[in-house]
**Q** 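One structure follows; several queries about it will come next.
Both backbone and side-chain heavy atoms feed into the values below; hydrogens, waters and symmetry mates do not. Source: prediction; values computed, not measured. When a ligand or atom number is given, it counts from 1 through the structure's own listing order.
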Amino acid sequence: VVRPFRELPGNWRTGWLNLFHFWQEGGFHNVHNIMIHKFQKFGPIYREKLGFYQSVNIINPEDAATLFKLEGNYPERFMVPPWVAYRDFRNKPYGVLLKKGEAWRSDRLVLNKEVLSLKVIDCFVPLLNEVGEDFVKRVRVQIEKSGRGRWTADLTNELFRFALESVCNVLYGARLGLLQDFIDPEAQKFINAVTMMFHTTSPMLYIPPSMLCRINSKTWRDHVQAWDVIFRHADKCIQNIYRQLRLDRENTKEYTGILSSLLVQDKLPIDDIKSNVTEMMAGGVDTTSITLQWAMFELARTPVVQEQLRAEIFAARQAAQGDMLKMLKAVRLLKAAIKETLRLHPVAVTIQRYTTQEIILQDYFIPAKTLVQVGIYAMGRDPKFFTKPELFDPARWLKMDSTYFRALGFGFGPRQCLGRRIAELEMQLFLIHMLENFKIETKRGVDVGTQFDLILIPDKPIYLTLRAL
Ligand code: HEM
Ligand code: 2DC
């Protein structure tokens with residue numbers, strides 16, 4: 001028997017009281033743990049209302065499959081209200097992140113060709129590879145300086161710079177020089193602004209855009225300021241390339257980055273190119289860097305796995321004879337290690353979709369236009385879906401009978417992460433170079449938890465020791 005929507009478990013009848021309790025429990029930084037708790041209390045599906053927004057939450061991979069299979073050609077996710085409010089407030093155009101319907105689809109199809117397709121990702125490899133090599137050089141200098149053959153540090157900011165340098169090299173085909181000693185203060189301001197933008201988003205997550213700019217709270221003002229820095233700096237970078245392109249018209253055959261390709265092709269209006277490139281530049285900093293930080297932390301805590309990866313990488317290097325494209329095809333366990341990192345430490349606490357039609361989940365009727373969230377953080381840590389979920393075991397991805405709708409770190413389908421291929425290549429190449437050159441260690445018995453800052457981040461600094469091999 002199928003049960004009606006109103007019978008769904010959960011405290012969804014009292015939205016404002018919920019928001020109050022949520023706030024009391026420090027919920028703004030704890031969304032991920034509250035979700036785990038609610039799945040334990042209510043079972044694999046529950047309905048919730050926080051502030052103005054209602055949602056249905058699911059954890060089961062089979063249910064995720066049902067949801068995604070009916071998402072249609074114009075999938076929509078939750079639109080982060082302060083991000084929408086900023087663009088409306090400043091009259092900035094939306095990129096794919098916030099567009100809907102046909103406007104989203106036509107942008108996205110053009111961008112897919114330049115950012116996700118097999119044709120271009122081979123061009124990204126040399127660009128991302130050189131940044132990875134430069135990171136290793138930088139670590140070597142730090143090790144020399146210490147005089148002890150090793151370097152211990154919280155690598156957060158180093159990795160932010162690495163990530164921005166990487167994404168800019170594929171976007172603009174140009175180096176910013178963020179892995180040198182003297183770095184452009186504007187670039188550091190951009191990095192800080194992205195972190196500030198995420199940090200100030202979470203307290204405003206449950207208030208609709210139209211109300212936000214009228215509130216004029218400190219959080220809103222900081223948020224606007226952060227986006228202002230992001231847009232201004234991205235605009236500067238884009239203008240630079242635009243000018244260069246008009247100066248040297250002679251068509252070199254060499255690949256010169258995503259922005260030039262988009263400009264030369266002329267399939268998108270300049271404003272749409274700008275908004276999308278700005279989103280990619282901002283989206284490419286904290287996401288990959290924090291995932292890499294978690295990956296190194298997990299590898300430091302499981303030296304056996306670290307050695308297996310190193311062995312695979314050495315063998316792949318031998319076989320490929322310096323051909324990076326070939327090498328990347330021979331590192332299955334490394335790719336699994338990145339999946340495994342995102343299982344335990346996803347960037348996004350949930351993947352969400354609005355239903356396009358009535359669907360049935362766990363025997364409940366869900367009406368069309370309902371926001372349904374797949375709790376991927378909770379799923380990744382549930383023994384029902386991953387045996388011994390607490391173990392960092394990349395090999396599980398190679399031997400599991402079913403990985404069906406379990407690897408959702410980048411989302412799913414036509415609306416999945418636009419930067420997915422860039423992120424994957426960037427992280428694979430980084431880990432290859434790091435593992436070839438250093439042993440990664442961390443103090444035993446130090447546990448690091450997770451904090452929700454819109455994206456999930458470590459709740460305290462992670463100290464890693466890099467030792468020359
Ligand atoms: C969307 C994760 C890196 C740009 C998303 C989504 C997730 C995600 C879960 C939502 C997908 C969905 O709803 O199905 C990640 C992770 C990353 C990463 C885990 C790295 C470890 C990047 C990078 C860029 C980027 C490097 C920029 C080049 C975007 C954009 C969207 C998006 C523009 C919106 C796409 C759309 O709505 O059409 N990402 N991301 N991300 N990501 Fe990423
Ligand atoms: C945050 O309840 C929690 O990749 C909300 O690179 C639901 C939600 C909606 C959209 C998610 C967001 C969460 C986390 C951050 C994500 C975002 C979609 C894209 C964005 C996952 C789970 C991110 C980090 C993009 C950001 C690009 C931006 C800086 C221009």
**Q** Counting from 1, what ligand 1 atoms have a heavy atom of L97 closer than 4.0 Å?
**A** 34 (C), 37 (O)
**Q** Just to be sure I read this right, does ligand 1 sit under 4.0 Å from the backbone of E426, its side chain, both, or neither, counting only heavy atoms?
**A** neither
**Q** Does the protein put a heavy atom less than 4.0 Å from atom 30 (C) of ligand 2?
**A** yes
**Q** Flag the pair E71 and R415 as a salt bridge only when some basic side-chain nitrogen lies within less than 4.0 angstrom of an acidic carboxylate oxygen.
**A** no
**Q** Do other residues, nucleotides or ligands put more than 12 heavy atoms under 6.0 Å from the NZ atom of K189?
**A** no
**Q** Where's the contact between V31 and ligand 2, heavy-atom distance under 4.0 Å: side chain, backbone, both or neither?
**A** neither
**Q** For ligand 1, indicate whether the residue Q352 contacts it via side chain, backbone, both or neither (heavy-atom separation under 4.0 Å).
**A** neither
**Q** How close do M379 and N60 get, counting heavy atoms only, and between which atoms?
**A** CE-C, 4.3 Å
**Q** May I ask you to say whether R381 pairs ionically with E390, meaning some side-chain N is under 4.0 Å from a carboxylate O?
**A** no
**Q** May I have the step-by-step check of salt bridge (Lys or Arg N to Asp or Glu O under 4.0 Å) for E102 and R105, ending in yes or no?
**A** CA-CA 5 Å; E102 199 47 56; R105 194 166 162 86; 5.4 Å; no
**Q** Is atom 7 (C) of ligand 2 close to the protein, meaning a heavy atom under 4.0 Å from it?
**A** yes
**Q** With a 4.0 Å cut-off on N to O distance, would you call E76 and R353 a salt bridge?
**A** no
**Q** Does a sphere of radius 6.0 Å around NZ in K218 hold more than 12 heavy atoms from other residues, nucleotides or ligands, not counting ones at 6.0 Å or beyond?
**A** no
**Q** Measuring from non-hydrogen atoms of M427 to any atom of ligand 1, is the shortest distance under 4.0 Å?
**A** yes
**Q** Select one of side chain, backbone, both or neither to describe which atoms of F410 lie under 4.0 Å from any atom of ligand 2, heavy atoms only.
**A** neither
**Q** Taking the side chain from Q451 and the backbone from P458, do they hold a donor-acceptor pair closer than 3.5 Å?
**A** no
**Q** Donor-acceptor pair, S217 side chain versus W220 backbone, under 3.5 Å?
**A** yes
**Q** Of the protein's non-hydrogen atoms, which lies at the shortest distance from atom 26 (C) of ligand 1, and what is that distance?
**A** G284 CA, 3.5 Å
**Q** Is T291 in polar range of ligand 1, meaning some N or O pair under 3.5 Å apart?
**A** no
**Q** Tell me whether the NZ or CZ atom of R421 lies within the 45° cone about the ring axis of F124 and under 6.0 Å from its centre.
**A** no
**Q** Looking only at heavy atoms, is any part of R415 under 4.0 Å from ligand 1, and if so is it the side chain, the backbone, or both, or is it neither?
**A** both
**Q** Verify, without hydrogens or angle tests, whether R343 (side chain) and G380 (backbone) share a donor-acceptor contact under 3.5 angstrom.
**A** yes
**Q** Is there a protein heavy atom at a distance of less than 4.0 Å from atom 12 (C) of ligand 2?
**A** no
**Q** Applying a 4.0 Å heavy-atom criterion (strictly less than), which segment of L97 is in contact with ligand 2: side chain, backbone, both, or neither?
**A** side chain
**Q** Who's closest to atom 36 (C) of ligand 1 heavy-atom-wise, of R353, M281, R108?
**A** R108
**Q** Begin from the C-alpha positions of R90 and D228 and carry the test salt bridge (Lys or Arg N to Asp or Glu O under 4.0 Å) through to its verdict.
**A** CA-CA 9 Å; R90 286 279 195 245; D228 282 345; 2.7 Å; yes
**Q** Which protein N, O or S atoms sit under 2.8 Å from atom 43 (Fe) of ligand 1?
**A** C417 SG
**Q** Taking only residues two or more places apart in sequence or in another chain, which ones pass side chain to side chain donor-acceptor pair (under 3.5 Å) with D107?
**A** K99, N276
**Q** Record the part of F412 in heavy-atom contact with ligand 1 below 4.0 Å; permitted values are side chain, backbone, both and neither.
**A** backbone
**Q** Heavy-atom contacts under 4.0 Å between N276 and ligand 1: side chain, backbone, both, or neither?
**A** neither
**Q** Touching ligand 2 at all, M280? Heavy atoms, strictly under 4.0 Å?
**A** no
**Q** Just do the side chain to side chain donor-acceptor pair (under 3.5 Å) check on R420 and Q416 with the steps written out, would you?
**A** CA-CA 8 Å; R420 178 176 191 158; Q416 69 178 281; 2.9 Å; yes
**Q** Start with the C-alpha gap between R175 and E130, add the side-chain angles, then the distance that decides, and say whether salt bridge (Lys or Arg N to Asp or Glu O under 4.0 Å) holds.
**A** CA-CA 10 Å; R175 297 296 299 267; E130 62 180 33; 3.5 Å; yes
**Q** Hey, which atoms in ligand 2 end up nearer than 4.0 Å to a heavy atom of A348?
**A** 21 (C), 22 (C)
